[in-house]
Asker: 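Sending over a structure as structure tokens; questions will come in a sec.
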Amino acid sequence: MKIILVLLGTLLLFLPLVTIAVRKLTGASARHALLSNVAMFFGLFLITSVVGLTGASAAAPEAASATAASAAGLAEGLKYIGAGLAVGLSGIGGGIAVASSASAALGAISENDSMFGKSLIFVGLAEGVALYGLIIALVLLFVS
């Protein structure tokens with residue numbers, strides 16, 4: 001079972017290279033290649049998540065203390081995943097917000113110099129989203 005999962009994961013990891021080669025040879029649309037790459041990425045993510053969360057790759061624990069230790073390890077791992085998602089997604093959201101608000105602020109300042117203070121507030125609020133994600137990650141990591 002482990003060998004099949006490793007082979008399937010390896011296949012899904014290198015299959016985007018095959019789709020890129022087929023696209024170059026046949027001239028297929030980039031949309032099809034992008035959708036297949038996204039599908040293969042999430043397939044690989046699903047396989048590794050299932051294997052990691054069910055413990056299919058680890059030996060079956062025989063004692064109750066080993067079960068408790070694996071549950072504690074799972075909780076620790078999920079804590080790190082949550083912290084990473086909090087920082088990553090809030091960083092992406094903050095970047096999108098700053099990109100639109102900063103360009104609008106520069107346009108407003110170029111027309112009217114008195115708009116600098118108001119526009120600075122809006123850009124700062126957009127950057128606050130990323131800081132909130134960082135604070136949540138720090139709370140997840142360092143507060144029991």
Asker: Which salt bridge (charged side-chain N to carboxylate O under 4.0 Å, His left out) pairs, counting each pair once, include a residue from residues 77-96, with sequence neighbours left out?
Answerer: Glu76-Lys79
Asker: Taking ILVMFWY side chains as joined if any heavy atoms are under 4.5 angstrom apart, and letting links pass through other members, which residues group with Phe116?
Answerer: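 Besides Phe116, the hydrophobic cluster comprises Ile109, Leu120, listed by chain and residue number.
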Asker: Quick check: closest heavy atoms across Ser100 and Ser103, and the distance to 0.1 Å?
Answerer: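 In terms of heavy atoms, the two residues are closest at O-OG, 3.0 Å.
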Asker: Using 0.5 Å steps for rounding, measure from the CD atom of Glu127 to the OG atom of Ser101.
Answerer: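 One finds 8.0 Å between CD of Glu127 and OG of Ser101.
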Asker: With the 4.5 Å side-chain cut-off for hydrophobic clustering, are Leu89 and Ile136 part of the same group?
Answerer: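 Shared cluster, no.
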Asker: Could you report the tightest heavy-atom contact between Val98 and Val123, atom names first, then the distance?
Answerer: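 Heavy-atom minimum between the residues: CG2-O, 4.3 Å.
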Asker: For the OG atom of Ser90 and the CG atom of Leu85, what is their distance to the nearest 0.5 Å?
Answerer: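 So the OG of Ser90 and the CG of Leu85 are separated by 10.0 Å.
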Asker: Rounded to the nearest 0.5 Å, how far does CD1 of Ile135 lie from CG of Leu140?
Answerer: 12.5 Å
Asker: Decide whether Leu141 and Val87 are clustered together by the hydrophobic rule: side chain heavy atoms of Ile, Leu, Val, Met, Phe, Trp, Tyr closer than 4.5 Å, transitively.
Answerer: yes
